[in-house]
Amino acid sequence: MSVPAPIRWENGRLLLLDQRRLPGRVVFEEPKDVESVVRAIRQLRVRGAPAIGVAAAYAMAMAWRNGEDLRQAAAALRQARPTAVNLGWAVDRMLAALSRDMDLIDEARAVHEEDRAMCEAIGRHGAPLIEPGGRVLTHCNAGALAVSHLGTATAPMYLAHDAGIRFHVYVDETRPVLQGSRLTSWELTQAGIDHTLICDSAAAHLMADGAIDLIIVGADRVTANGDTVNKIGTRALAITADYHGVPFYVACPSSTLDPATATGSDVEIEERPAAEVTGGIPAVAGVKVRNPAFDVTPAELVTAYVTELGILEDIGDCLRRKSVSEP
């Protein structure tokens with residue numbers, strides 16, 4: 001990959017790529033404690049559900065190495081961005097390792113390595129969806145910057161490209177913080193994948209023109225009934241895709257599944273600062289702003305889920321396969 005890995009563990013040091021500065025500058029920061037990792041997650045310096053989980057695992061490992069209270073560390077991390085289920089999943093896994101007297105640094109490394117393998121598996125399963133001459137639309141950034149390697153939604157694209165398949169990607173700019181234009185478009189440029197950046201509101205027009213063959217997005221959480229919580233704008237995209245008969249795929253690891261939450265309506269949706277929308281423009285100072293970071297796409301609008309276990313139409317099947325594969 002020509003895109004730098006967003007999380008590194010080198011000689012006992014955690015390094016996080018500050019994604020707010022991309023694509024203009026590639027800057028790594030070294031958080032020294034749990035609170036600095038919490039700030040990095042809240043401020044979107046590290047982002048993407050799987051990457052947040054990996055960062056949280058290393059934060060717990062640092063707290064353990066430093067002799068800090070792991071329960072307090074876990075509580076702080078959980079509140080950093082409550083919508084993404086991988087965050088709580090990683091914290092719970094580290095606490096479970098602690099209860100078994102395991103080395104938490106080794107466990108964090110295992111979480112990191114499993115995330116890399118997950119990306120490869122999602123890519124292998126999803127690559128056949130991309131046919132020669134295909135036109136793919138994606139939203140936000142579910143790429144290599146959001147995980148440890150290859151991405152989720154982009155993993156099939158990377159592997160199809162490596163296999164010599166010629167296709168085109170349409171990238172939603174993804175307002176309000178432009179993670180599509182700043183991050184996904186930059187990633188695809190680095191990889192040499194042919195793509196076009198579009199305004200979010202142009203997606204319906206392109207579908208009406210027959211210019212989109214399929215849509216692949218990532219997910220921050222998938223509830224027990226298959227509802228998908230993802231970056232704001234995903235729901236509108238899925239509704240539009242359903243109207244125009246465009247297949248809509250959600251690419252996510254099994255760690256993003258949340259069997260303990262019945263439906264998407266039960267998920268806490270994070271509200272972010274108004275300044276992300278207003279951008280400090282004086283003319284809109286003082287204007288009331290709603291800035292939800294995510295929305296919920298109903299399960300009936302999802303064609304299938306691309307996971308490390310395969311392409312599954314029934315999210316319950318993924319949960320059953322996951323339970324069988326786990327020790």
Side-chain angles (χ1 to χ4, degrees), residues 1-7 17-26 44 46-51 115-116 118-203 205-207 211-220 230-231 233-234 237 241 246-253 306:
M1 291 291 297
S2 55
V3 173
I7 300 172
L17 176 64
D18 187 349
Q19 298 192 30
R20 300 171 306 172
R21 307 191 191 193
L22 294 174
R25 296 180 62 198
V26 176
L44 300 180
V46 58
R47 44 150 301 280
D115 191 59
R116 294 187 185 98
M118 170 275 295
C119 295
E120 291 277 359
I122 287 176
R124 289 195 305 272
H125 292 303
L129 295 173
I130 302 175
E131 299 179 350
R135 287 120 358 133
V136 185
L137 174 65
T138 192
H139 187 71
C140 195
N141 176 257
L145 293 168
V147 292
S148 303
H149 176 59
L150 292 180
T152 54
T154 59
M157 303 176 201
Y158 284 128
L159 295 191
H161 177 70
D162 287 347
I165 304 297
R166 290 182 175 271
F167 61 96
H168 191 84
V169 182
Y170 286 96
V171 179
D172 277 350
E173 60 184 351
T174 318
R175 291 185 177 273
V177 293
L178 302 176
Q179 290 167 339
S181 60
R182 287 192 307 106
L183 304 179
T184 302
S185 184
W186 181 65
E187 274 196 37
L188 297 180
T189 297
Q190 300 303 306
I193 294 178
D194 190 29
H195 69 283
T196 299
L197 180 65
I198 63 171
C199 297
D200 295 359
S201 53
H205 172 72
L206 293 179
M207 282 186 252
I212 306 296
D213 297 308
L214 75 156
I215 297 170
I216 308 178
V217 301
D220 287 82
N230 194 48
K231 180 67 179 181
T234 304
L237 200 59
V246 176
F248 185 92
Y249 293 92
V250 172
C252 65
V306 187

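Numbers here are sequence positions counted from 1.
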> Looking at side-chain heavy atoms only, is the closest gap between Ile215 and Met207 below 4.5 Å?
Replying inline: yes

>> Tell me if the CD atom of Glu131 is crowded by more than 12 foreign heavy atoms within 6.0 Å.
In response: no

>> Quick check for you: to the nearest 0.5 Å, what is the distance between His168 atom NE2 and Asp213 atom CG?
In response: 11.5 Å

>> Would you compute the distance between atom CE of Met157 and atom CG of Asp194 and round it to the nearest 0.5 angstrom?
In response: 12.5 Å

> Given Asn230 and Val250, is the side-chain contact (heavy atoms from CB on, under 4.5 Å) satisfied, shown in steps?
Replying inline: CA-CA 9 Å; Asn230 194 48; Val250 172; over 6 Å; no

> If you measure from OH on Tyr170 to OG1 on Thr138, what distance do you get to the nearest 0.5 Å?
Replying inline: 14.5 Å

> Looking only at heavy atoms, which two atoms of Gly192 and His161 are closest? And how far apart?
Replying inline: O-CE1, 3.3 Å

> If you count the non-hydrogen atoms of other residues, nucleotides and ligands that lie under 6.0 Å from CZ in Arg166, is the total more than 12?
Replying inline: no

>> Please determine whether side-chain contact (heavy atoms from CB on, under 4.5 Å) holds for the pair His205 and Ile198, giving the CA-CA distance in whole Å, both sets of side-chain angles, and the decisive distance to 0.1 Å.
In response: CA-CA 11 Å; His205 172 72; Ile198 63 171; over 6 Å; no

>> Could you report the tightest heavy-atom contact between Ala219 and Cys252, atom names first, then the distance?
In response: CB-CB, 4.1 Å

> Will you find, in the side chains of Asn141 and Arg182, an N or O donor that is under 3.5 Å from an N or O acceptor?
Replying inline: no

> What pair of heavy atoms forms the shortest contact from Pro6 to Ala144, and how long is it?
Replying inline: CD-O, 3.5 Å

>> Within this structure, what is the CD1-CZ distance for the pair Ile193 and Phe167, rounded to the nearest 0.5 Å?
In response: 4.5 Å

> If you look at every heavy atom in Ala203 and Leu137, which pair is closest and at what distance?
Replying inline: CB-CD2, 4.0 Å

>> Tell me which one of Leu44, Thr184, Leu22 satisfies side chain to side chain contact (heavy atoms under 4.5 Å, CB included) with Gln179.
In response: Leu44

> Taking all atoms of both residues into account, what is the closest heavy-atom pair of Pro156 and Thr152, and its distance?
Replying inline: CD-O, 3.2 Å

> Side chains of Gln19 and Val177: closer than 4.5 Å at any heavy-atom pair?
Replying inline: no

> Considering residues, nucleotides and ligands other than Arg175, do more than 12 of their heavy atoms fall under 6.0 Å from its CZ?
Replying inline: no

>> Please evaluate residues His149 and Tyr158 with respect to the criterion side-chain contact (heavy atoms from CB on, under 4.5 Å), reporting the C-alpha separation (whole Å), side-chain torsions for both, the decisive distance (0.1 Å), and the verdict.
In response: CA-CA 10 Å; His149 176 59; Tyr158 284 128; over 6 Å; no

> With distance as the sole test, does Asp172 use its side chain to make a donor-acceptor pair with the main-chain N or O of Thr174 at under 3.5 Å?
Replying inline: no

> Of all heavy-atom pairs between Leu237 and Phe248, which one has the smallest distance, and what is that distance?
Replying inline: C-CE1, 4.3 Å

> SG/Cys140 to CD/Glu173 distance, rounded to the nearest 0.5 angstrom?
Replying inline: 12.0 Å

> What's the spacing between His195 NE2 and Thr154 OG1 if we round to 0.5 Å?
Replying inline: 12.5 Å

